[in-house]
Undergrad: 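Sharing a structure, written as structure tokens. Questions coming.
None of these values were measured; they are calculated from a predicted model. Each ligand, and each atom within it, is numbered from 1 in the order the structure gives.
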Amino acid sequence: MTKPRVVFDPFSDEYFNDPYDIYLRMQDEAPVYYSEEMDFYALTRHEDVAAALKDHETFSSSRGCDLSMVQSEEGPQKSIIFMDPPEHRMLRSLVNKAFTPRAIQSQKETVEQLVDHYLGGVDPEHFDVVQDFSGPFPVEVITRMAGVPEEFRQQVRHWIDTSLEREPGNMGYTERGMQANIDSAMYYYGLVQERRQNPQDDMLSRLIAAEIVGEDGQPRKLDDIEITGFASLLGGAGAETVTKLVGSSVVTFAKNPDQWQKLLADRSKIPAAVEEMLRFDGPVHYNVRFTLRDAHLHGTTIPAGKPVFLMKAAANRDPRAFTDAHIFDIDRDRSEAQNLGFGYGIHSCLGAALARMETAIALDRLLDFMPRYEVQWDELEKVHMQNVAGYHHVPVKVLR
Ligand code: HEM
């Protein structure tokens, strides 16, 4: 009997619940996967995904990074993540200045305080790692850096959560999600206006004051839409992802208690553990690109004008690239292949250093707080979101 063809439906329950078996089959059976139902392609092998991420002249970001955006007739909102060079290069060189190692290091104390604050408030008998801890703290860090007043910082997280939600079988925004996007854009737009009048020591005010070299070679300032777009992106990119990475870490370590023991015995392994988590179950499973010209791989042609899923999470588990790719091993040899968890090429994560620091501090404090713990497996719940994967609820009990 022939095996049924592998099906990758990015909005199905089956995929949300267990993507990794699907990835393995795609790598073996359909390295250039094509979905007839939704008219998109997907690459899953490490070599192919890394090469495509580097080749922005073929695989463009300018139509957006998720399927509904890329397939939509209207272009996406203006945002660094949806730009190709030369526009991307100009904006990236500007915002890079806000993310220098020194700028990130200066946030360390804030991160520690926020981590301690949220962890200090939980009940060790029963708490939800995501809702009580890894959800609230990263959004506080990034919105504070951006200049969002305290009373609106958690609201930003709820808008993002709502906007990323997808109903099974439906790739578009939910009605609530659409409204959340509008509310969030209106909010940031208002804040930009306010900062124009009354600049503060924050990222928004610095972006308002900064100049970039425009396409005509002349210096120009960023307009309201560009600044609003960047601020909204930071909220999403800088909060949801760290939330998911910390939540998934707690689940993964519970399934691999020997690895948690290794960390308890030697905290200097924390940075390596963060890298391994990003590889093994990182939060960004894919970003979608749009082909500007034909691409030829494995004897197949992906025609120009098509959406292509670049599956970073699949590539990071590709047995062709990593030894024992499906084993979580914080001591693994990281020089074997590029970890694609933060992307690769010109769009690679701007906030990687901040994300690494936040996750490392969170893990360090969790090791103190719950050297022994158990996950309440029956209450574990995954998110159903576009691009990002992870948990909505990770209930744990600290063991004495
Ligand atoms: C564990 C946490 C994080 C992960 C896994 C992650 C992952 C990624 C990935 C995969 C991309 C590339 C997207 C693409 O190729 O289309 C990206 C881009 C980006 N990330 Fe992150 N990210 C994280 C945290 C953060 C944080 C904390 C910030 C902000 C402070 C941030 C800001 C950005 C921005 C602005 C971009 C767009 C860069 C560009 O287009 O040039 N990210 N991130």
Side-chain angles (χ1 to χ4, degrees), residues 43 49-50 52-56 59-66 69-70 76 78-85 87-100 103-104 107 110-111 134 137-146 156 160 203 207 226 229-249 274-290 307-313 315-316 338-363 386-390:
L43 301 179
V49 177
L53 285 169
K54 284 286 233 183
D55 180 5
H56 56 80
F59 299 94
S60 162
S61 294
S62 63
R63 295 273 293 247
C65 290
D66 70 40
M69 277 187 194
V70 175
K78 239 180 169 194
S79 176
I80 186 169
I81 201 163
F82 309 141
M83 285 174 186
D84 290 339
E87 219 185 353
H88 175 265
R89 193 164 48 242
M90 291 168 198
L91 193 53
R92 177 88 184 202
S93 62
L94 170 66
V95 295
N96 263 339
K97 294 183 189 140
F99 288 89
T100 57
I104 300 312
Q107 296 300 314
T110 304
V111 175
S134 73
F137 91 80
V139 78
E140 289 276 339
V141 176
I142 191 66
T143 49
R144 203 169 140 148
M145 282 173 78
V156 169
I160 302 159
M203 207 187 290
L207 287 176
E226 287 169 317
F230 186 65
S232 326
L233 170 67
L234 275 189
E240 282 291 333
T241 46
V242 176
T243 298
K244 304 287 177 299
L245 186 61
V246 174
S248 303
S249 299
V274 174
E275 298 310 305
E276 177 64 350
M277 259 317 297
L278 272 166
R279 184 197 71 84
F280 185 78
D281 200 11
V284 180
H285 273 225
Y286 58 81
N287 294 104
V288 182
R289 299 291 195 254
F290 177 76
V308 184
F309 280 66
L310 301 184
M311 313 289 298
K312 294 154 183 175
N316 274 341
Q338 176 75 32
N339 187 335
L340 302 181
F342 280 127
Y344 190 45
I346 60 168
H347 288 281
S348 76
C349 182
L350 181 66
L354 180 63
R356 287 186 166 111
M357 180 171 82
E358 289 182 29
T359 311
I361 293 172
L363 280 181
Q386 181 134 258
N387 297 41
V388 269

Undergrad: At less than 4.0 angstrom from any non-hydrogen atom of Ala355, what atoms of ligand 1 do you find?
TA: 1 (C), 2 (C), 24 (C)

Undergrad: Which atoms from ligand 1 have a heavy atom of Leu350 less than 4.0 Å away?
TA: 19 (C), 20 (N), 33 (C), 34 (C), 35 (C)

Undergrad: Shortest non-hydrogen contact from Pro76 to Phe82?
TA: CB-CD1, 3.7 Å

Undergrad: Which pair of heavy atoms, one from Asn387 and one from Cys65, lies closest together, and at what distance?
TA: ND2-O, 3.1 Å

Undergrad: Just distances here: any N/O of Glu358 and N/O of ligand 1 closer than 3.5 Å?
TA: no

Undergrad: Of the side chain and backbone of Asn287, name the one, both, or neither that has a heavy atom under 4.0 Å from an atom of ligand 1.
TA: side chain

Undergrad: Just let me know how Phe99 lines up against ligand 1, side chain, backbone, both or neither, with a heavy-atom cut-off below 4.0 Å.
TA: side chain

Undergrad: Nearest protein heavy-atom contact for atom 1 (C) of ligand 1: which residue, which atom, what distance?
TA: Leu245 CD2, 3.7 Å

Undergrad: Any nitrogen or oxygen of Ser61 lying under 3.5 Å from a nitrogen or oxygen in ligand 1? Just yes or no.
TA: no

Undergrad: Enumerate the atoms of ligand 1 whose separation from the nearest heavy atom of Gly343 is less than 4.0 angstrom.
TA: 10 (C)

Undergrad: Is ligand 1 under 4.0 Å from a heavy atom in the side chain of Ile142, in the backbone, in both, or in neither?
TA: side chain

Undergrad: What protein heavy atom lies closest to atom 25 (C) of ligand 1? Include the residue and the distance to one decimal.
TA: Ala237 O, 3.2 Å

Undergrad: Measure the distance from atom 23 (C) of ligand 1 to every protein heavy atom, then report the residue, atom name and distance (to 0.1 Å) of the closest one.
TA: Thr241 OG1, 3.4 Å

Undergrad: Of all heavy-atom pairs between Gly238 and Pro138, which one has the smallest distance, and what is that distance?
TA: O-CB, 4.0 Å

Undergrad: Assess Ile346 for proximity to ligand 1: is some non-hydrogen atom of it under 4.0 Å away?
TA: yes

Undergrad: Using a 4.0 Å heavy-atom threshold (strictly under), name the region of Arg92 that reaches ligand 1: side chain, backbone, both or neither.
TA: side chain

Undergrad: Taking only heavy atoms of Lys312 into account, list the atoms of ligand 1 that are under 4.0 Å away from them.
TA: 10 (C), 12 (C), 13 (C), 14 (C), 15 (O)

Undergrad: Where is the nearest protein heavy atom to atom 6 (C) of ligand 1: which residue, which atom, and how far?
TA: Phe342 CD2, 3.6 Å

Undergrad: Quick one: CD1 on Ile361 to CZ on Arg356, what's the gap to the nearest 0.5 Å?
TA: 14.0 Å

Undergrad: Has ligand 1 got any nitrogen or oxygen that is less than 3.5 angstrom from a nitrogen or oxygen of Arg289?
TA: yes

Undergrad: Is it the side chain, the backbone, both or neither of Leu233 that has a heavy atom closer than 4.0 Å to ligand 1?
TA: side chain

Undergrad: Run the numbers on Arg92 and Leu350 for side chain to side chain contact (heavy atoms under 4.5 Å, CB included), then give the verdict.
TA: CA-CA 9 Å; Arg92 177 88 184 202; Leu350 181 66; 3.9 Å; yes

Undergrad: Heavy-atom pairs closer than 4.0 Å: do any link ligand 1 to the side chain of Met83, the backbone, both, or neither?
TA: neither

Undergrad: For ligand 1, is any non-hydrogen atom under 4.0 Å from Leu354's backbone (N, CA, C, O), its side chain (CB onward), both, or neither?
TA: side chain

Undergrad: Does Asn316 offer a backbone N or O that forms a donor-acceptor pair with the side chain of Asn339 under 3.5 Å?
TA: no

Undergrad: May I ask you to decide if the ring planes of Phe309 and Tyr286 are parallel, tilted or perpendicular, using 30° and 60° as cut-offs?
TA: tilted

Undergrad: Got the closest protein heavy atom to atom 40 (O) of ligand 1, with its distance?
TA: His347 ND1, 2.6 Å

Undergrad: Drop me the distance from His88's NE2 to Ser93's OG, to the nearest 0.5 angstrom.
TA: 9.5 Å

Undergrad: Give a yes or no on whether the backbone of Val308 and the side-chain of Arg289 come within a donor-acceptor separation of less than 3.5 Å.
TA: no

Undergrad: Report the part of Cys65 (side chain from C-beta onward, or backbone N, CA, C, O) that has a heavy atom under 4.0 Å from ligand 1; answer both or neither where that applies.
TA: side chain

Undergrad: Among all the protein's non-hydrogen atoms, which is closest to atom 26 (C) of ligand 1, and how far away is it?
TA: Gly238 CA, 3.3 Å

Undergrad: Taking the side chain from Ser248 and the backbone from Leu245, do they hold a donor-acceptor pair closer than 3.5 Å?
TA: no

Undergrad: Any idea which protein heavy atom is nearest atom 20 (N) of ligand 1, and the distance to it?
TA: Cys349 SG, 3.2 Å

Undergrad: Counting from 1, what ligand 1 atoms have a heavy atom of His88 closer than 4.0 Å?
TA: 39 (C), 40 (O), 41 (O)

Undergrad: I'd like to check which ligand 1 atoms, numbered from 1 as shown, lie under 4.0 Å from a non-hydrogen atom of Gly341.
TA: 5 (C), 7 (C), 10 (C)

Undergrad: For the side chain of His347 and the backbone of Met83, is there at least one donor-acceptor N/O pair under 3.5 Å apart?
TA: yes

Undergrad: Report the distance from atom NZ of Lys312 to atom CG of Leu278, rounding to the nearest 0.5 Å.
TA: 12.0 Å

Undergrad: Report the C-alpha distance between Met145 and Leu354 in whole Å, list the side-chain angles of each, state the deciding distance to 0.1 Å, and finish with yes or no for side chain to side chain contact (heavy atoms under 4.5 Å, CB included).
TA: CA-CA 11 Å; Met145 282 173 78; Leu354 180 63; 3.9 Å; yes

Undergrad: Return the minimal non-hydrogen interatomic distance between Leu310 and Ala52, and the atom names on each side.
TA: CD2-CB, 3.6 Å

Undergrad: With heavy atoms only and a cut-off of under 4.0 Å, state how Pro283 meets ligand 1: side chain, backbone, both or neither.
TA: side chain

Undergrad: Evaluate the side-chain proximity of Ile142 to Val242: yes if any heavy-atom separation is below 4.5 Å, no if none is.
TA: no

Undergrad: Output the list of atoms in ligand 1 that are nearer than 4.0 Å to some heavy atom of Leu278, sorted by atom number.
TA: 5 (C)

Undergrad: Does the side chain of Met277 reach to within under 4.5 Å of the side chain of Leu363, using non-hydrogen atoms?
TA: no

